Amino acid sequence: VQLQASGGGLVQAGGSLRLSCAASGRTFSSYAMAWFRQAPGKEREFVAAVSRSGDITYYADSVKGRFIISRDNAKNTVYLQMNSLKPEDTAVYYCAAGSHPTGRGASYLYWGQGTQVTVSS
């Protein structure tokens, strides 16, 4: 499966962005989906994951209550709605596809190219 992330940009602290990740290739609904991020000089970290049907979601503590992950299997797309953004949310955001919704990056088979999110203070 090929993944294409989009929707990143520059936003002020307190603002919102919605990231999208469009999938092509094999059946999108066969995969759990997740978002990870990597800030300059830091390791990649888990942000959120959603099950194949979309009924189960997981979040990193740092984004819980501010970010919402969702998916539309008819459109082969997963979303990350980011609200109340903080400067520490600045990173390249990657979408990933795997067999189970987990926070472990090694569990994901396919990765998108990343989209830059910059939050100014």
Side-chain angles (χ1 to χ4, degrees):
V1 62
Q2 293 79 43
L3 303 175
Q4 180 74 38
S6 62
L10 174 64
V11 63
Q12 289 188 332
S16 298
L17 280 176
R18 188 176 81 155
L19 305 184
S20 299
C21 176
S24 60
R26 305 181 106 184
T27 306
F28 177 71
S29 60
S30 298
Y31 295 97
M33 300 296 297
W35 289 94
F36 288 78
R37 66 186 182 187
Q38 187 167 21
K42 295 187 176 181
E43 294 187 351
R44 182 182 63 193
E45 65 173 355
F46 168 73
V47 176
V50 61
S51 62
R52 299 173 189 180
S53 62
D55 59 341
I56 300 173
T57 56
Y58 300 101
Y59 295 94
D61 288 343
S62 59
V63 307
K64 202 171 293 183
R66 300 188 298 123
F67 290 11
I68 300 172
I69 187 171
S70 62
R71 66 188 296 162
D72 186 337
N73 286 344
K75 295 183 178 180
N76 287 1
T77 303
V78 62
Y79 305 97
L80 184 69
Q81 178 66 44
M82 305 186 294
N83 302 318
S84 302
L85 283 161
K86 304 175 181 180
E88 51 264 43
D89 294 319
T90 295
V92 177
Y93 283 71
Y94 299 90
C95 56
S99 57
H100 301 287
T102 170
R104 294 181 64 248
S107 298
Y108 292 88
L109 302 174
Y110 304 101
W111 292 81
Q113 87 290 359
T115 184
Q116 176 71 47
V117 172
T118 303
V119 184
S120 63
S121 56

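The chain is numbered in sequence order, starting from 1. Here the structure is a predicted model, which is why all the values come from computation and not from measurement.
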I need the minimum non-hydrogen distance between [X] and [Y], along with the two atoms involved.
X: C21; Y: M33; result: SG-CE, 4.4 Å
X: G7; Y: T115; result: N-OG1, 4.1 Å
X: S29; Y: R52; result: O-CB, 3.3 Å

Query - Neighbour count >12 (heavy atoms, 6.0 Å) for atom NZ, K64 - result: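 Result for NZ/K64: enclosed.
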
Query raised in the report: What ring-ring contact (aromatic ring centres under 6.0 Å, His included) pairs are there with at least one residue in residues 68-108, not counting sequence neighbours?
Result: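 ring-ring contact (aromatic ring centres under 6.0 Å, His included) check on residues 68-108 returns F36-Y108.
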
Requested in this report: Verify the ring-centre separation between Y110 and Y31: is it less than 6.0 angstrom?
Outcome: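 Between Y31 and Y110, the centre distance is under 6.0 Å.
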
Query raised in the report: Taking only residues two or more places apart in sequence, or in another chain, which ones meet L109 in a side chain to side chain contact (heavy atoms under 4.5 Å, CB included)?
Result: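 L109 satisfies side chain to side chain contact (heavy atoms under 4.5 Å, CB included) with no residue once adjacent residues are dropped.
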
Looking only at atom types and distance, does a side-chain atom of [X] sit under 3.5 Å from a main-chain N or O of [Y], one as donor and one as acceptor?
X: R71; Y: G54; result: no
X: T90; Y: V119; result: yes
X: N73; Y: T27; result: no
X: Q113; Y: A5; result: yes

Query raised in the report: Thinking salt bridges, do D89 and K86 make one under a 4.0 Å N-O criterion?
Result: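 Salt bridge: no.
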
